[in-house]
Asks: 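Shown below is the structure under consideration.
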Amino acid sequence: MASPYAKLRHALVVSAAKAVGLSGDELTAALVSQVRVPEMGRGDLALPCFDLAKRVKLAPPEAARRIAGVLQEEAIYERVDAVGPYINVIVTARHLAESIVPAARTPGYGRDEAGAGKTVVLDFSSPNIAKPLAFHHIRSTVIGAALGRLHAARGWRVIALNYLGDWGKQFGLLASAWKRLGDPARRGDAKHLVEVYVEANREADVERHRAAIAAPVEARTLLEQLTAARHELAAASDVAARKKLESKVKGLQRKAPEGSEAAVATYLAGLDGQARAATEELPAAEARDREARLYLKRMEEGDVEALAEWREFRETSIADFLRIYSRMGIEFFALEGESRYSDVLAATIARVAEKPGVRRDDGALVVDLPEEPGQPPVLLETRDGTTLYVTRDIAAAIDRHQRFAFERSLYVIAQDQALHVSQLKKTLSAMGLSFADKMTHVAFGRIHGMSTRRGNVVFLDEVLDEAVAKARELCEASEALDATRTAETAETIGVGAIVFGDLKNLRASDYTFKLEDIINFDGHTGPYVQFTHARLASILRKSEGIPRQEAVDIGLLGTPEERAVMLALARFPDAVADACEAFEPSLLTRCVLEVAQCTSSWLSSGNQDRSKRVLVDDLALRGARLHLVSAVHSTLAAGLALLGVRAPDAM
RNA sequence: GCGCUCGUAGCUCAGUUGGAUAGAGCGUCGGCCUUCUAAGCCGAUGGUCGCGCGUUCGAGUCGCGCCGAGCGCGCCA
């Protein structure tokens with residue numbers, strides 16, 4: 001079912017084409033996509049006539065004039081202007097109201113059946129057990145959950161999978177460190193597990209120790225290179241050579257220590273000290289790293305004791321994750337970790353090995369992708385004989401296709417992993433599995449500026465708590481809110497602000513995390529939309545009932561504020577469809593914001609001019625306005641629900 | 001070095017397959033609580049769209065070059 005907005009565009013294009021003697025579905029489709037909202041608020045719709053004019057060999061302004069002349073005769077247009085090569089139309093308020101408001105009040109407005117009979121598998125959130133659910137996990141979690149709801153709204157069967165990182169070396173690390181660092185009394189405490197893991201990771205970080213050992217030499221080499229490069233630059237005369245040297249010096253300066261001679265000496269001495277310490281600790285770190293690998297090996301060989309330990313850690317982490325997911329209203333079809341595939345890995349490797357290009361290299365099993373020269377090969381198995389995550393992803397992809405026969409399989413994973421996902425798809429393709437084409441990497445950008453109070457991790461849970469605390473202050477001060485509902489409403493608003501805040505950003509671009517911004521509820525935020533929704537609910541409560549559809553003359557609507565609200569509402573179904581097809585929830589977020597903004601202006605206009613209020617004395621007008629209120633109220637609620645944000649009726 | 005992403009207002013970001021005078025929010029400044037909820041509304045301020053060529057009737061958008069940023073690149077996930 002087409003949206004009211006799509007119908008308006010379609011009608012305009014069909015008439016315009018007919019006016020110059022053209023028709024046809026293909027032409028119509030092409031023209032519909034050219035229709036836009038005119039600038040300067042000079043109308044409801046604008047059609048640039050370049051394309052149309054070309055087809056009938058007229059100058060664009062001439063074509064626009066002719067078309068405008070014909071459109072003027074149509075009853076649904078209040079005004080038609082040809083401005084140069086553009087046609088701007090204003091649709092009559094009556095037509096807007098009649099075509100939009102009843103549709104928007106229909107339950108299920110924005111939903112359709114485009115995905116009926118099809119299955120989408122979504123892989124999202126996917127935290128690693130033993131590590132905390134950190135703030136950066138919000139992106140995959142919230143984008144994936146929104147895409148699931150969007151697909152469901154379009155009739156898809158949705159399989160939401162949380163592919164836990166519950167297998168791998170990090171378990172060996174945690175288990176072996178637990179014996180030394182763990183507090184037996186706090187076995188079931190997820191926070192304590194994280195503490196142990198972080199410390200274990202630090203201890204066994206062989207790379208970090210080696211880097212520390214190499215650091216003093218590297219720093220001195222850099223300084224020498226910098227000095228040499230500066231001398232060369234001073235001596236060089238050729239312009240091209242100078243330019244090259246300048247950029248070299250600049251590059252070196254970025255990495256080299258700076259400051260006075262004394263400061264540099266102190267810095268180098270510091271590095272020397274760190275290197276000595278690292279040299280001492282390195283053997284222990286290597287031993288712990290080896291211990292962790294061996295533990296994983298024992299797990300993969302089915303060692304009962306090792307598996308029991310692993311299972312317990314896993315349960316503790318999962319319980320904590322589920323608590324946070326439930327705060328955000330997120331449910332999964334299943335939490336299926338990598339461990340699900342531990343039994344079929346050998347068979348998977350054997351199956352991949354049937355394809356040419358699989359070879360042993362320094363003990364490790366690698367797959368060459370010949371069509372990708374210069375690209376790194378895929379590693380299936382380490383020289384220790386343990387598997388890597390690509391191996392497990394291959395097994396998982398095959399399994400998912402067998403179980404769900406998906407039409408789409410979406411991997412909501414950070415952009416960083418682009419190479420990994422593309423290798424996964426290419427390996428599957430090379431194995432002759434054509435469903436690889438149905439797999440899409442829904443990549444998202446990084447969150448910068450995670451200013452932290454401890455270490456490098458901001459816990460998602462803590463950010464939610466901060467936002468809820470801020471919301472509670474406001475709720476306690478609110479006169480509109482019943483005191484018994486403060487806590488519940490604060491949770492709704494605080495969590496909603498965080499979820500909405502993330503989904504407002506274009507998924508592919510990086511964004512900067514600032515706690516102050518994220519818990520600031522002023523401006524275009526989740527609480528802004530929720531607040532608008534609450535105001536509408538309040539009006540409905542005070543209205544003494546909404547008249548039946550037949551008893552209302554909806555065409556009485558027509559102030560500029562009301563027109564703006566209706567036009568914004570008309571685009572809602574398009575936003576749902578577009579957000580789903582582009583895997584871009586922010587398209588819906590922005591649409592919802594626009595509806596809320598127009599509505600907010602509309603409602604506030606009643607403060608200056610009482611005749612613009614919804615609850616006016618003229619009962620016919622009041623009835624029509626109440627219908628618009630109820631249309632916006634239900635649409636905002638539906639939009640927020642798709643995004644995973646609750647809509648309070650008072651705040 | 002190779003590959004991917006990106007550079008728009010003081011800050012954070014939009015800008016629909018190339019279309020009219022590049023838009024929001026935050027911030028700053030000024031109005032509006034006798035108000036269907038001020039978490040709001042109205043107005044002002046603020047931009048050589050990184051730089052330079054090119055394609056086009058038309059470029060923030062497409063191509064090339066340069067400058068700058070981030071990420072990835074065999075035994076972690």
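What you are looking at is a predicted structure, and each value in this text was computed from that prediction instead of being measured. Residue numbering restarts at 1 for every chain, and letters A, B, ... go by the order of the sequence lines.
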Asks: Of A:V614 and A:K131, whose nearest nucleotide on RNA chain B comes first from the 5' end?
Replies: A:V614
Asks: Go along nucleotides 5-10 of chain B 5' to 3' and tag each nucleotide: B for a protein heavy atom under 4.0 Å from its base, S when only backbone or sugar atoms are that close, - otherwise.
Replies: ------
Asks: Rounded off to whole Å, could you give me the CG-to-P distance for the A:D522 and B:rA24 pair?
Replies: 18 Å
Asks: Mind checking which stems touch RNA chain B? I mean at least 3 consecutive Watson-Crick or G-U pairs, both distances under 3.5 Å.
Replies: B:1-7 with B:67-73, B:10-13 with B:23-26, B:27-32 with B:40-45, B:50-54 with B:62-66
Asks: What's the gap between B:rC49 and B:rG7 when it is taken at their P atoms, as a whole Å value?
Replies: 14 Å
Asks: How close or far is atom P of B:rA24 from atom CG of A:N520, stated in whole angstroms?
Replies: 19 Å
Asks: Consider the side chain of A:Y86, meaning its heavy atoms from C-beta on, and name the nucleotide among B:rG19, B:rA77, B:rC32 that approaches it most closely.
Replies: B:rG19
Asks: B:rA20, B:rU16, B:rU37: which one has an atom nearest the side-chain heavy atoms of A:F531?
Replies: B:rU37
Asks: To the nearest Å, give me how far apart CD (A:Q417) and P (B:rG72) are.
Replies: 9 Å
Asks: State the syn/anti category of B:rG7 according to its glycosidic angle, syn meaning within 90° of 0.
Replies: anti
Asks: Side chain of A:L419, heavy atoms from C-beta onward: which of B:rC73, B:rA24, B:rA77 has the nearest atom to it?
Replies: B:rC73
Asks: Nearest to the side chain of A:Q597, heavy atoms from C-beta on, is which of B:rC73, B:rG40, B:rA24?
Replies: B:rA24
Asks: Find the distance A:D416:CG to B:rG3:P and express it as a whole number of Å.
Replies: 19 Å
Asks: Side chain of A:S33, heavy atoms from C-beta onward: which of B:rC42, B:rA77, B:rU17 has the nearest atom to it?
Replies: B:rU17
Asks: For nucleotides B:rC32 and B:rA69, find the distance between their C1' atoms and express it as a whole number of Å.
Replies: 44 Å
Asks: Counting any heavy atom closer than 4.0 Å, what does A:C475 reach on the DNA or RNA strands: base, sugar-phosphate only, or nothing?
Replies: base
Asks: Rounded to the Å, how far apart are A:E594 CD and B:rU16 P?
Replies: 14 Å
Asks: Can you tell me if the side-chain N/O atoms of A:Y197 get under 4.0 Å from OP1 or OP2 in B:rA77?
Replies: no
Asks: Choosing from B:rU37, B:rA39, B:rC36, which nucleotide comes nearest the side chain of A:A534?
Replies: B:rU37
Asks: Using the P atom on both, measure B:rA9 against B:rU48 and round to a whole Å.
Replies: 9 Å
Asks: How long is the line joining CG of A:N607 and C1' of B:rA38, in whole Å?
Replies: 9 Å
Asks: Tell me: CG of A:L345 to P of B:rA77, nearest whole Å?
Replies: 11 Å
Asks: Please measure how far the C1' atom in B:rU55 lies from the corresponding atom in B:rC62, and state the result in whole Å.
Replies: 8 Å
Asks: Of the nucleotides B:rA20, B:rC36, B:rA39, which has the atom closest to the A:I539 side chain?
Replies: B:rC36
Asks: Report the residue (A:S538 or A:S604) whose heavy-atom-nearest nucleotide on RNA chain B is the more 5′ of the two.
Replies: A:S538
Asks: Here's one to test your reading of the geometry: is the NZ or CZ of A:K131 within 45 degrees of the ring axis of A:Y197 and under 6.0 Å from its centre?
Replies: no
Asks: Tell me whether the guanidinium CZ or amine NZ of A:R571 lies under 6.0 angstrom from the six-membered ring centre of A:Y5 and within 45° of its axis.
Replies: yes
Asks: Quickly, which of A:E338, A:E381, A:E300 forms a side-chain hydrogen bond (donor to acceptor under 3.5 Å, both in side chains) with A:T387? Name it, please.
Replies: A:E300
Asks: Which listed nucleotide (B:rC75, B:rC36, B:rC32) is nearest to the side chain of A:Q608?
Replies: B:rC32
Asks: Which is true for A:A480 with a 4.0 Å heavy-atom rule: it touches a base, it touches only sugar-phosphate, or it touches nothing?
Replies: base
Asks: Measure from the side chain of A:R535, starting at C-beta and using heavy atoms only, and say which of B:rA20, B:rC73, B:rG40 lies closest.
Replies: B:rG40
Asks: Looking for any heavy atom pair under 4.0 Å, which part of the strands does A:R360 touch: base, sugar-phosphate only, or nothing?
Replies: nothing
Asks: With the stacking rule set at 5.5 Å and 30°, tell me whether A:F50 counts as stacking on B:rG19.
Replies: yes
Asks: Just N and O in the side chain of A:K542: are any of them under 4.0 Å from OP1 or OP2 of B:rU37?
Replies: yes
Asks: Go through B:rA39, B:rG74, B:rU37 for me and flag the one nearest to the A:P527 side chain.
Replies: B:rA39
